[in-house]
Amino acid sequence: MTDPEDGDDGALAALFDKFDGSTKAEPMRAYVLHPDLKSDRSRRLPEHGLAEAVSLAAALPDMDVVGAEVVRLGKPTPGMLFGSGKVEELKARMAALDAGLVLVDGPVSPVQQRNLEKEWGVKLLDRTGLILEIFADRARTREGVLQVELAALSYQRTRLVRAWTHLERQRGGFGFVGGPGETQIESDRRAIDDQVLRIKRQLDKVGKTRELHRAARRKVPFPLVALVGYTNAGKSTLFNRMTGADVLAKDMLFATLDPTMRGVTLPGRDGAAGRKIIASDTVGFISDLPTQLVAAFRATLEEVLEADLILHVRDIAHPESAEQAADVMDILTSLGVKAATPQFEIWNKLDLVQGVMRDALVAQAAKSDRIFAISALTGEGLDGLLSAISTVFEEVTRDETLILGFADGRRRAWLHAEGVVQDEVQGDEGYALTVRWTERQEGRYRAL
């Protein structure tokens, strides 16, 4: 005879299993569209653009991409983006696949978004909206959350016009007599503006803190080496290999958002330890990066402006590696990176290239002292890269005597803080200091 308690336990277990199964969220079924405009003079092939859009969609959690296609367009239709025949064709396809989300890899106006959502009965995101969703999912630090929130609000503000029918209503001022009052759209826009101002104030504080950190680093004779590159080029993997850190590194677009810094001791001569540098891992770039994100993440990206050396990491195995590199250089230029800042080009993921192509890449990189073919995953070529970085910062020191008046206390304090003062004699009119410094330290002193 069965123990009634055992029977109850079995029934409860079955009930809980049923309950758990019914509450688990089903993956969102998404369909990806890449509009290919005849007037578009993009560097990219539409098929590669579609593949990147699918990868972006896959970067979101609980997302199941059930279909994807390139849609050829002569010119966009103002109301629907696509022609009426194509809209009907896509509607039938999405219904057959039971898609609940459409991702359009390009700009979609608020009117087009509203009309297509109404026609297809699905939720629609354009490229900017999709990237914002990914950033919102990945942001971990307080600064990252604020930056993504600011970018999202800036984006939403542009979508208010005709985005929802309730925005067409008006309300009176106090409910008595008077004019038509304030429209709902004006109220919503003002609320967003207030929120944007609040976040900007908080980010200003973060920016000031970052500047204090930069000022503190300038006093320390450790050069800053910044890793930049297209998203998923392998920056974080290289950063981990160089520093021994444990930064999240996945074969995924925008795997890491928050900048990370670590100290690295470079190899010296005859196997001895060399000088120390600070390596900085930054957020990855992407083509058509939303302007809202560039603006919001400027405080983070400005770390690159302080770099003494920039490592431009490229996924050399990608079919559009050259186009990706051009996009990265465009963004660096827009940020204001100085042309005088030395740069190394890192041809990463050499382990994914085979045969004659691999030999050709290695031979081509060997001809330049600014290009390095490596595999951050296996460590191949890393020793040569670190030695080259060490050579960049192998600075010759020289002795010089400086005469400072008593009023030059700031310069004198800076010299002592740098540790370059070898001897100091006080006279009637000031100090005579014998310093031993590098050309880089002298330049920073002259700039005071």
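Looking at heavy atoms from C-beta onward, Q202 lies in side-chain contact with R198 at the 4.5 angstrom threshold. The side-chain heavy atoms of L309 and Q343, taken from C-beta on, include no pair separated by under 4.5 Å. Inter-residue side-chain proximity for L60 and L130 is flagged as met; some heavy-atom pair is nearer than 4.5 Å. Contact of the I374 side chain with the L350 side chain is not registered, since no non-hydrogen atoms from C-beta on lie closer than 4.5 Å.
Partner V104 forms a side chain to side chain contact (heavy atoms under 4.5 Å, CB included) with one of V32, V71, L124 and no other, that one being L124. Screening D327, L332, D330 against F285 for a side chain to side chain contact (heavy atoms under 4.5 Å, CB included) leaves a single residue, L332.
Residues passing the ring pair (Phe, Tyr, Trp, His ring centres under 6.0 Å) test with F344 are F372, sequence neighbours excluded. By the side chain to side chain donor-acceptor pair (under 3.5 Å) test, E88 pairs with no residue at all, sequence neighbours left out. Residues forming a side chain to side chain donor-acceptor pair (under 3.5 Å) with R241 (at least two apart in sequence, or on another chain): none.
Annotation: salt bridge (charged side-chain N to carboxylate O under 4.0 Å, His left out) contacts involving residues 116-126, sequence neighbours excluded, comprise K91-E119, E117-K123, D126-R159. Applying the side-chain hydrogen bond (donor to acceptor under 3.5 Å, both in side chains) test to pairs two or more places apart or on separate chains, none has a residue in residues 362-374. Residue pairs meeting the ring-ring contact (aromatic ring centres under 6.0 Å, His included) criterion with at least one member in residues 89-112, sequence neighbours excluded, do not occur.
Counting only distance, with no hydrogens or angles, the side chain of S390 and the backbone of L386 share no donor-acceptor pair below 3.5 Å. Of the possible donor and acceptor atoms, none in the side chain of E345 sits under 3.5 Å from a partner among the backbone N and O of A365. Judged by distance alone, the side chain of S280 and the main-chain N or O of M261 form no donor-acceptor pair under 3.5 Å. Using a distance-only test at 3.5 Å, with no hydrogens or angles considered, a donor-acceptor pair links the side chain of S55 to the main chain of A51. When atom types are taken as modelled, the side chain of N348 and the backbone of V313 share no donor-acceptor pair closer than 3.5 angstrom.
Ion pairing of R72 with E47 is present here, as a side-chain N (NZ or NE/NH1/NH2) and a carboxylate O approach within less than 4.0 Å.
Summarising the geometry, atom CE belonging to M329 is positioned 7.0 Å from atom NE2 belonging to H312; distances are rounded to the nearest 0.5 Å.
A side-chain donor-acceptor contact under 3.5 Å links Y230 and E52.
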